[in-house]
**Student:** 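Pasting a structure below so you can have a look.
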Amino acid sequence: MPELPDVEVIRKYVDKTVLHQSINKVEVSAKDILDGISEKHLQSQVKEREFESTYRHGKHLFAKLSGDGWVIFHFGMTGYFEYFKDKEKAPKHTRALFSFDNCYNLAFVLQRKLGKITLTKDIDIFVKKQNLGPDALDKNFDLEAFKEVMQGMKSSVKSALMNQGHITGIGNIYSDEILFQTGIHPKVKANQLSNRDLDRLFKAMKEVLETAIDSQADPAKMPEHYLLRHRKKGEKCPACSGEIAKIRISGRSAYFCPNCQS
DNA sequence: ACATTGACCTGAGAGC
DNA sequence: TGCTCTCAGGTCAATG
(Lines give C-alpha, C1' and ligand atoms only; values in the text may rest on other atoms or scores of the structure.)
Protein backbone atom coordinates (compact mmCIF):
# COMPACT_ATOMS: atom_id res chain seq x y z
CA MET A 1 0.00 0.00 0.00
CA PRO A 2 2.13 2.77 1.25
CA GLU A 3 3.79 4.54 -1.62
CA LEU A 4 3.51 8.30 -2.02
CA PRO A 5 -0.21 8.40 -2.94
CA ASP A 6 -1.18 6.00 -0.16
CA VAL A 7 0.75 7.99 2.42
CA GLU A 8 -0.85 11.21 1.18
CA VAL A 9 -4.28 9.65 1.67
CA ILE A 10 -3.25 8.53 5.16
CA ARG A 11 -2.02 12.05 5.87
CA LYS A 12 -5.42 13.51 5.02
CA TYR A 13 -7.04 10.87 7.20
CA VAL A 14 -4.93 12.01 10.14
CA ASP A 15 -5.82 15.62 9.40
CA LYS A 16 -9.52 14.99 9.68
CA THR A 17 -9.41 12.68 12.68
CA VAL A 18 -6.74 13.19 15.34
CA LEU A 19 -5.43 16.74 14.98
CA HIS A 20 -5.70 19.04 18.00
CA GLN A 21 -6.65 16.35 20.46
CA SER A 22 -4.69 15.84 23.61
CA ILE A 23 -2.74 12.59 23.60
CA ASN A 24 -3.35 10.56 26.69
CA LYS A 25 -0.70 7.94 26.07
CA VAL A 26 0.95 5.71 23.51
CA GLU A 27 1.41 1.96 23.86
CA VAL A 28 3.92 0.14 21.68
CA SER A 29 3.38 -3.58 21.45
CA ALA A 30 6.20 -4.27 18.99
CA LYS A 31 9.29 -2.48 20.20
CA ASP A 32 11.30 -3.31 17.09
CA ILE A 33 9.30 -0.76 15.13
CA LEU A 34 10.81 2.04 17.19
CA ASP A 35 13.75 3.38 15.24
CA GLY A 36 16.49 4.59 17.54
CA ILE A 37 14.15 5.67 20.33
CA SER A 38 12.79 3.97 23.43
CA GLU A 39 9.13 3.59 24.23
CA LYS A 40 9.70 5.69 27.32
CA HIS A 41 11.15 8.52 25.27
CA LEU A 42 8.30 8.42 22.78
CA GLN A 43 5.83 8.41 25.63
CA SER A 44 7.41 11.44 27.26
CA GLN A 45 7.42 13.34 24.00
CA VAL A 46 3.77 12.78 23.10
CA LYS A 47 2.00 12.64 26.46
CA GLU A 48 -0.32 15.57 27.01
CA ARG A 49 0.66 17.03 23.68
CA GLU A 50 -1.36 17.26 20.48
CA PHE A 51 -0.69 16.55 16.85
CA GLU A 52 -0.88 20.04 15.36
CA SER A 53 -0.35 19.42 11.68
CA THR A 54 1.04 16.90 9.24
CA TYR A 55 3.62 16.87 6.48
CA ARG A 56 4.63 14.24 3.97
CA HIS A 57 7.95 13.65 2.25
CA GLY A 58 7.85 10.68 -0.08
CA LYS A 59 6.65 7.71 1.92
CA HIS A 60 7.30 9.32 5.30
CA LEU A 61 4.55 10.96 7.30
CA PHE A 62 5.43 13.63 9.85
CA ALA A 63 3.06 14.64 12.64
CA LYS A 64 3.96 17.90 14.37
CA LEU A 65 3.72 17.87 18.14
CA SER A 66 2.52 20.91 20.06
CA GLY A 67 5.55 22.37 21.72
CA ASP A 68 8.36 20.95 19.69
CA GLY A 69 9.38 18.21 17.30
CA TRP A 70 7.76 15.69 15.00
CA VAL A 71 6.72 12.06 15.19
CA ILE A 72 7.69 10.26 12.00
CA PHE A 73 5.79 7.28 10.62
CA HIS A 74 6.94 4.92 7.90
CA PHE A 75 4.41 2.33 6.81
CA GLY A 76 6.62 -0.37 5.34
CA MET A 77 4.75 -2.60 2.93
CA THR A 78 1.57 -3.16 4.87
CA GLY A 79 1.00 -0.22 7.20
CA TYR A 80 -2.00 2.02 7.77
CA PHE A 81 -3.79 3.99 10.47
CA GLU A 82 -7.16 3.32 11.97
CA TYR A 83 -9.02 5.79 14.14
CA PHE A 84 -11.67 4.21 16.32
CA LYS A 85 -13.36 4.43 19.69
CA ASP A 86 -13.69 1.05 21.34
CA LYS A 87 -10.25 -0.07 22.43
CA GLU A 88 -11.40 -3.68 22.42
CA LYS A 89 -11.81 -3.39 18.70
CA ALA A 90 -8.22 -2.53 17.92
CA PRO A 91 -7.27 -4.05 14.56
CA LYS A 92 -5.19 -7.17 14.39
CA HIS A 93 -1.49 -6.31 14.01
CA THR A 94 -1.81 -3.02 15.87
CA ARG A 95 1.82 -2.30 16.74
CA ALA A 96 1.34 1.06 18.41
CA LEU A 97 -1.74 2.68 19.84
CA PHE A 98 -2.21 6.39 20.57
CA SER A 99 -5.03 7.19 22.96
CA PHE A 100 -6.66 10.60 23.12
CA ASP A 101 -8.56 12.44 25.83
CA ASN A 102 -11.75 12.20 23.77
CA CYS A 103 -11.63 8.41 24.28
CA TYR A 104 -10.74 7.69 20.67
CA ASN A 105 -7.61 5.81 19.58
CA LEU A 106 -5.28 5.82 16.64
CA ALA A 107 -3.84 2.42 15.76
CA PHE A 108 -0.61 2.12 13.79
CA VAL A 109 -1.24 -1.21 12.07
CA LEU A 110 1.44 -3.31 10.40
CA GLN A 111 1.00 -6.90 9.38
CA ARG A 112 4.67 -7.32 8.59
CA LYS A 113 6.79 -5.36 11.01
CA LEU A 114 8.56 -3.38 8.35
CA GLY A 115 7.26 0.02 9.38
CA LYS A 116 8.91 2.47 11.75
CA ILE A 117 8.19 5.19 14.25
CA THR A 118 10.81 7.71 15.21
CA LEU A 119 11.20 11.32 16.32
CA THR A 120 12.95 14.36 14.95
CA LYS A 121 13.28 18.02 15.81
CA ASP A 122 13.62 19.06 12.20
CA ILE A 123 12.33 17.53 8.98
CA ASP A 124 15.18 18.77 6.82
CA ILE A 125 17.76 17.23 9.11
CA PHE A 126 15.90 13.91 9.05
CA VAL A 127 15.59 13.93 5.27
CA LYS A 128 19.28 14.63 4.90
CA LYS A 129 20.30 12.00 7.42
CA GLN A 130 18.18 9.38 5.66
CA ASN A 131 19.62 10.36 2.30
CA LEU A 132 16.20 10.94 0.83
CA GLY A 133 15.90 12.68 -2.51
CA PRO A 134 13.26 15.28 -3.35
CA ASP A 135 9.62 14.31 -3.06
CA ALA A 136 8.34 13.19 -6.45
CA LEU A 137 5.51 15.74 -6.33
CA ASP A 138 7.57 18.63 -5.00
CA LYS A 139 6.96 21.63 -7.29
CA ASN A 140 10.65 22.47 -7.09
CA PHE A 141 11.51 19.05 -8.43
CA ASP A 142 11.14 20.09 -12.06
CA LEU A 143 11.87 18.58 -15.44
CA GLU A 144 15.49 19.74 -15.43
CA ALA A 145 16.18 18.19 -12.03
CA PHE A 146 14.44 15.00 -13.09
CA LYS A 147 16.52 14.69 -16.25
CA GLU A 148 19.71 15.23 -14.34
CA VAL A 149 18.82 12.45 -11.94
CA MET A 150 17.85 9.96 -14.63
CA GLN A 151 20.81 10.68 -16.85
CA GLY A 152 23.13 9.96 -13.97
CA MET A 153 21.80 6.47 -13.31
CA LYS A 154 22.99 3.26 -14.93
CA SER A 155 20.31 1.05 -13.42
CA SER A 156 17.06 0.12 -15.12
CA VAL A 157 14.57 2.95 -15.35
CA LYS A 158 12.29 1.05 -12.97
CA SER A 159 14.98 0.83 -10.30
CA ALA A 160 15.86 4.46 -10.91
CA LEU A 161 12.30 5.59 -10.27
CA MET A 162 12.24 3.54 -7.07
CA ASN A 163 15.58 4.78 -5.78
CA GLN A 164 14.61 6.84 -2.73
CA GLY A 165 17.95 8.58 -2.63
CA HIS A 166 17.25 10.32 -5.92
CA ILE A 167 13.46 10.62 -6.03
CA THR A 168 11.37 9.87 -2.98
CA GLY A 169 7.90 8.35 -2.94
CA ILE A 170 7.68 5.96 -5.89
CA GLY A 171 7.62 2.22 -5.17
CA ASN A 172 7.02 -1.00 -7.02
CA ILE A 173 3.38 -0.44 -7.98
CA TYR A 174 3.60 3.14 -9.16
CA SER A 175 6.87 2.70 -11.02
CA ASP A 176 5.07 0.05 -13.08
CA GLU A 177 2.15 2.38 -13.66
CA ILE A 178 4.30 5.34 -14.70
CA LEU A 179 6.25 3.19 -17.17
CA PHE A 180 3.07 1.67 -18.55
CA GLN A 181 1.54 5.10 -19.13
CA THR A 182 4.73 6.18 -20.89
CA GLY A 183 5.16 3.05 -22.99
CA ILE A 184 8.70 2.44 -21.75
CA HIS A 185 10.03 -1.04 -20.97
CA PRO A 186 11.01 -1.31 -17.29
CA LYS A 187 14.42 -2.80 -18.08
CA VAL A 188 15.63 0.08 -20.25
CA LYS A 189 18.64 1.78 -18.66
CA ALA A 190 17.77 5.14 -17.16
CA ASN A 191 20.77 6.88 -18.70
CA GLN A 192 19.84 5.62 -22.18
CA LEU A 193 16.44 7.27 -22.32
CA SER A 194 15.95 9.84 -25.07
CA ASN A 195 15.17 13.42 -24.29
CA ARG A 196 11.65 12.87 -25.51
CA ASP A 197 11.25 9.80 -23.28
CA LEU A 198 12.39 11.81 -20.28
CA ASP A 199 9.86 14.56 -21.02
CA ARG A 200 7.06 12.04 -21.19
CA LEU A 201 8.25 10.06 -18.20
CA PHE A 202 8.36 13.19 -16.06
CA LYS A 203 4.88 14.20 -17.12
CA ALA A 204 3.51 10.70 -16.46
CA MET A 205 5.18 10.58 -13.05
CA LYS A 206 3.38 13.71 -11.88
CA GLU A 207 0.10 12.77 -13.51
CA VAL A 208 -0.04 9.22 -12.23
CA LEU A 209 0.77 10.21 -8.66
CA GLU A 210 -1.78 13.04 -8.68
CA THR A 211 -4.45 10.88 -10.23
CA ALA A 212 -3.80 8.17 -7.66
CA ILE A 213 -4.21 10.67 -4.82
CA ASP A 214 -7.43 11.99 -6.37
CA SER A 215 -8.63 8.37 -6.43
CA GLN A 216 -7.80 7.91 -2.72
CA ALA A 217 -5.08 5.49 -3.86
CA ASP A 218 -7.85 3.00 -4.58
CA PRO A 219 -7.28 1.12 -7.85
CA ALA A 220 -11.03 0.66 -8.32
CA LYS A 221 -11.43 4.44 -8.49
CA MET A 222 -8.63 4.97 -10.99
CA PRO A 223 -9.08 5.34 -14.73
CA GLU A 224 -9.86 2.15 -16.59
CA HIS A 225 -6.73 2.50 -18.71
CA TYR A 226 -4.51 2.23 -15.64
CA LEU A 227 -2.34 -0.87 -15.31
CA LEU A 228 -3.08 -0.92 -11.60
CA ARG A 229 -6.50 -2.32 -12.35
CA HIS A 230 -5.01 -5.13 -14.40
CA ARG A 231 -1.76 -5.73 -12.60
CA LYS A 232 -1.78 -9.50 -12.69
CA LYS A 233 0.01 -12.00 -14.87
CA GLY A 234 -2.10 -13.08 -17.82
CA GLU A 235 -4.57 -10.18 -17.49
CA LYS A 236 -5.42 -8.20 -20.58
CA CYS A 237 -3.64 -4.96 -21.28
CA PRO A 238 -6.22 -2.14 -21.17
CA ALA A 239 -4.60 -0.53 -24.21
CA CYS A 240 -3.98 -3.40 -26.65
CA SER A 241 -5.68 -6.41 -25.04
CA GLY A 242 -2.39 -8.29 -25.12
CA GLU A 243 -1.26 -10.25 -22.09
CA ILE A 244 0.38 -8.51 -19.16
CA ALA A 245 3.77 -10.04 -18.38
CA LYS A 246 5.65 -10.36 -15.13
CA ILE A 247 9.43 -10.23 -14.85
CA ARG A 248 11.91 -9.78 -12.05
CA ILE A 249 13.94 -6.56 -11.77
CA SER A 250 16.28 -5.97 -8.85
CA GLY A 251 14.44 -8.52 -6.80
CA ARG A 252 11.00 -7.01 -7.38
CA SER A 253 8.15 -8.11 -9.61
CA ALA A 254 7.60 -5.83 -12.57
CA TYR A 255 4.34 -6.03 -14.49
CA PHE A 256 4.17 -4.57 -17.97
CA CYS A 257 2.74 -5.00 -21.45
CA PRO A 258 5.37 -6.40 -23.83
CA ASN A 259 3.43 -5.04 -26.77
CA CYS A 260 2.94 -1.45 -25.55
CA GLN A 261 6.25 -1.08 -23.71
CA SER A 262 9.26 -1.63 -25.92
C1' DA B 1 30.83 4.62 -6.14
C1' DC B 2 27.27 2.32 -7.83
C1' DA B 3 23.98 -1.49 -8.57
C1' DT B 4 22.04 -5.82 -7.08
C1' DT B 5 20.99 -9.48 -3.69
C1' DG B 6 19.54 -11.41 0.72
C1' DA B 7 17.62 -10.71 5.19
C1' DC B 8 14.22 -8.90 7.87
C1' DC B 9 8.79 -9.99 9.42
C1' DT B 10 4.06 -12.15 9.02
C1' DG B 11 0.35 -13.94 6.62
C1' DA B 12 -2.52 -14.87 2.36
C1' DG B 13 -3.27 -17.58 -1.44
C1' DA B 14 -1.98 -21.20 -4.71
C1' DG B 15 -1.03 -25.86 -5.60
C1' DC B 16 -0.91 -30.58 -4.22
C1' DT C 1 -8.82 -30.10 5.14
C1' DG C 2 -4.06 -29.53 5.79
C1' DC C 3 0.44 -29.01 4.39
C1' DT C 4 4.08 -26.63 1.78
C1' DC C 5 5.67 -23.19 -1.16
C1' DT C 6 5.74 -18.62 -3.13
C1' DC C 7 4.70 -14.11 -2.92
C1' DA C 8 3.52 -9.35 -1.00
C1' DG C 9 2.96 -1.88 -2.37
C1' DG C 10 9.91 -1.37 1.77
C1' DT C 11 14.50 -0.75 3.27
C1' DC C 12 19.08 -1.80 4.87
C1' DA C 13 23.53 -4.27 5.13
C1' DA C 14 26.38 -7.08 2.63
C1' DT C 15 28.15 -8.37 -1.79
C1' DG C 16 29.66 -7.95 -6.60
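So you know, we letter chains A, B, ... as the sequences are listed, proteins then strands, and number each from 1.
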**Student:** Just to confirm, is there a sub-4.0 Å distance from OP1 or OP2 of B:dC8 to any side-chain nitrogen or oxygen of A:Lys116?
**Tutor:**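 So the side chain of A:Lys116 is outside the cut-off, no N or O lying under 4.0 Å from OP1 or OP2 of B:dC8.
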
**Student:** With respect to the phosphate group of B:dT4, does any side-chain polar atom (N or O) of A:Arg252 fall under 4.0 Å of OP1 or OP2?
**Tutor:**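 No, because none of the side-chain N or O atoms of A:Arg252 sits under 4.0 Å from OP1 or OP2 of B:dT4.
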
**Student:** Just how far, in rounded Å, is C1' of C:dG10 from CD of A:Gln164?
**Tutor:**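 Going from CD in A:Gln164 over to C1' in C:dG10 covers 8 Å.
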
**Student:** Which parts of nucleotides 11-16 of chain B does protein reach within less than 4.0 Å, heavy atoms only, written one letter per nucleotide 5' to 3' as B for base, S for sugar-phosphate only and - for none?
**Tutor:** S-----

**Student:** Among C:dG9, B:dA3, B:dC9, which nucleotide has an atom closest to any side-chain atom of A:Ser155?
**Tutor:**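 For the A:Ser155 side chain, the nearest candidate turns out to be B:dA3.
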
**Student:** Looking at A:Phe81 versus A:Phe108, is the centre-to-centre ring distance below 6.0 Å?
**Tutor:**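 Under 6.0 Å, so yes.
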
**Student:** Tell me: CZ of A:Phe108 to C1' of B:dC9, nearest whole Å?
**Tutor:**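 That distance rounds to 14 Å.
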
**Student:** What's the CZ-P distance between A:Arg248 and B:dG6, to the nearest Å?
**Tutor:**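 The distance from CZ of A:Arg248 to P of B:dG6 comes to 10 Å, rounded to the nearest Å.
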
**Student:** For the rings on A:Tyr80 and A:Phe75, is their centre-to-centre separation under 6.0 Å?
**Tutor:**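 Here the rings of A:Phe75 and A:Tyr80 have centres that are no less than 6.0 Å from each other.
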
**Student:** Could you check whether any side-chain N or O of A:Thr168 sits under 3.5 Å from a backbone N or O of A:Leu132, counting only pairs where one atom can act as donor and the other as acceptor?
**Tutor:**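 No; judged by distance alone, with no hydrogens or angles, the pair does not exist.
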
**Student:** Are the side chain of A:Glu235 and the backbone of A:Ile244 linked by a donor-acceptor contact shorter than 3.5 Å?
**Tutor:**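 Looks like no, no N/O pair under 3.5 Å.
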
**Student:** Considering just the side-chain nitrogens and oxygens of A:Lys113, establish if one lies under 4.0 Å of OP1 or OP2 belonging to B:dT10.
**Tutor:**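 Checking B:dT10 against A:Lys113, a side-chain N or O does come within under 4.0 Å of OP1 or OP2.
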
**Student:** For C:dC7, does either OP1 or OP2 sit under 4.0 Å from a side-chain N or O belonging to A:Tyr255?
**Tutor:**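 No, A:Tyr255 has no side-chain N/O under 4.0 Å of OP1/OP2 on C:dC7.
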
**Student:** Nearest heavy atom decides the nucleotide; on that basis, is A:Leu132 or A:Arg112 closer to the 5' end of DNA chain C?
**Tutor:**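 By nearest-heavy-atom nucleotide position, the 5'-most residue is A:Arg112.
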
**Student:** Should the pair A:Arg200-A:Asp197 be classified as a salt bridge under the 4.0 Å nitrogen-to-oxygen rule?
**Tutor:**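 Judged by the 4.0 Å cut-off on N to carboxylate O distance, A:Arg200 and A:Asp197 do form a salt bridge.
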
**Student:** Could you give the CE-to-P distance, from A:Met153 to B:dC2, as a whole number of Å?
**Tutor:**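 Interatomic distance, CE of A:Met153 to P of B:dC2: 9 Å.
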
**Student:** Rounded to the Å, how far apart are A:Gln130 CD and C:dG10 P?
**Tutor:**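 Taking CD of A:Gln130 and P of C:dG10, I get 16 Å after rounding.
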
**Student:** Between A:Lys154 (NZ) and B:dT4 (P), how many Å, whole number?
**Tutor:**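 Spelled out: NZ on A:Lys154 to P on B:dT4 is 10 Å.
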
**Student:** Rounding to an integer number of angstrom, what distance separates C:dC7 and B:dT5 when you compare their P atoms?
**Tutor:**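 It comes out at 15 Å once rounded to the nearest Å.
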
**Student:** Distance-only, no hydrogens or angles: does the A:Glu207 side chain make a donor-acceptor pair with backbone N or O of A:Phe202 under 3.5 Å?
**Tutor:**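 Between the backbone of A:Phe202 and the side chain of A:Glu207 there is no qualifying donor-acceptor contact (under 3.5 Å).
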
**Student:** Would you kindly compare A:His74 and A:Ser253 by the position of their nearest DNA chain C nucleotide and give the one closer to the 5′ end?
**Tutor:**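 Of the two residues, A:Ser253 wins.
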
**Student:** Please report the shortest heavy-atom distance between A:Tyr226 and A:Met222, naming the atom on each side.
**Tutor:**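 So the two residues come closest at CD2-SD, 4.0 Å.
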
**Student:** Would you mind pulling out the nucleotide paired to C:dC7, Watson-Crick or G-U wobble, both distances under 3.5 Å?
**Tutor:**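 Result: B:dG11.
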
**Student:** With respect to the side chain of A:Ser159, which nucleotide from B:dT4, C:dT11, C:dG9 is positioned closest?
**Tutor:**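 Among the listed nucleotides, the one closest to the side chain of A:Ser159 is B:dT4.
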
**Student:** Whom does B:dC2 pair with, Watson-Crick or G-U wobble, provided both distances fall under 3.5 Å?
**Tutor:**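 The base-pairing partner of B:dC2, which may sit in any strand shown, is C:dG16.
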
**Student:** Measure from NZ on A:Lys31 to P on B:dC8 and round the result to the nearest Å.
**Tutor:**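 Rounding to the nearest Å, NZ of A:Lys31 and P of B:dC8 are 21 Å apart.
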
**Student:** Mind checking A:Thr78 for me? I need base, sugar-phosphate or nothing, with any heavy atom below 4.0 Å counting as a touch.
**Tutor:**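 No contact at all - A:Thr78 keeps every heavy atom at 4.0 Å or more from the nucleic acid.
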
**Student:** Between A:Asp32 and A:Lys189, which residue's closest nucleotide on DNA chain B lies nearer the 5′ terminus?
**Tutor:**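 Checking each residue's closest nucleotide, the 5'-ward one belongs to A:Lys189.
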
**Student:** Roughly how many Å is it from CD1 in A:Ile72 to P in C:dT11, rounded to a whole number?
**Tutor:**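 Nearest whole value for this atom pair: 14 Å.
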
**Student:** Measure centre to centre between the rings of A:His60 and A:Phe126, then say whether the value is under 6.0 Å.
**Tutor:**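 Close enough - the centres of the two rings lie under 6.0 Å apart.
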
